[in-house]
Amino acid sequence: MNRTDPRQSPPADDLAWLRDACTAITDQHVDADANLFEQGLTSLGMVRLSGAIQRRHGVRLGAIDLYDHPTVTQLSVLIAGRKESGA
């Protein structure tokens, strides 16, 4: 991700919501730029997170999406892009 490109930055409130959701699911503080799986996200947690994202944003994410975008920051950018494209 290119942090100097504003199109690559998720909205701050979406980033905060996603970090809070991940914190609740893993039951521990989550660093937005660290790998979620190394911070305690399990396969059940992936299902819960995917459902929460779909309810809030109307975006469906599969396991591959979560593995390919394993940080809160990367997921936020992916969600923003999918919302923008309507995918």
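Everything quoted here is computed from the prediction, not taken from an experiment. Hydrogens, waters and symmetry mates play no part in the numbers below; they use all other heavy atoms, side chains included.
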At what distance, to the nearest 0.5 angstrom, does [atom1] of [X] lie from [atom2] of [Y]?
| X | Y | atom1 | atom2 | value |
| --- | --- | --- | --- | --- |
| D20 | H29 | CG | NE2 | 10.0 Å |
| L15 | S76 | CG | OG | 4.5 Å |
| L75 | R82 | CG | CZ | 10.0 Å |
| T42 | L49 | OG1 | CG | 10.5 Å |
| L66 | L36 | CG | CG | 8.0 Å |
| Q28 | C22 | CD | SG | 11.0 Å |

Test item: [X] and [Y] side chains (from C-beta on) under 4.5 Å apart, heavy atoms:
| X | Y | value |
| --- | --- | --- |
| D68 | L78 | no |
| H69 | L61 | no |
| R56 | I79 | no |

What's the shortest heavy-atom distance between [X] and [Y], and which atoms?
| X | Y | result |
| --- | --- | --- |
| Q74 | P70 | OE1-CD, 2.8 Å |
| M46 | A63 | CE-CB, 3.4 Å |
| V72 | L18 | O-CD2, 3.5 Å |
| Q39 | A34 | NE2-O, 3.0 Å |

**Request:** Describe, in one word, how the ring planes of Y67 and F37 are oriented to each other, choosing from parallel (under 30°), tilted (30 to 60°) and perpendicular (over 60°).
**Result:** parallel

**Request:** Report the C-alpha separation of I25 and L44 in whole Å, then their side-chain angles, then the decisive distance to 0.1 Å, and conclude whether the side-chain contact (heavy atoms from CB on, under 4.5 Å) test is met.
**Result:** CA-CA 9 Å; I25 289 168; L44 179 57; over 6 Å; no

**Asked** Is the closest side-chain donor-acceptor distance between D33 and T71 under 3.5 Å?
**Response** no

**Message:** Quick check against the 3.5 Å criterion: does R48 have a side-chain atom that pairs as donor or acceptor with the backbone of A21?
**Reply:** no

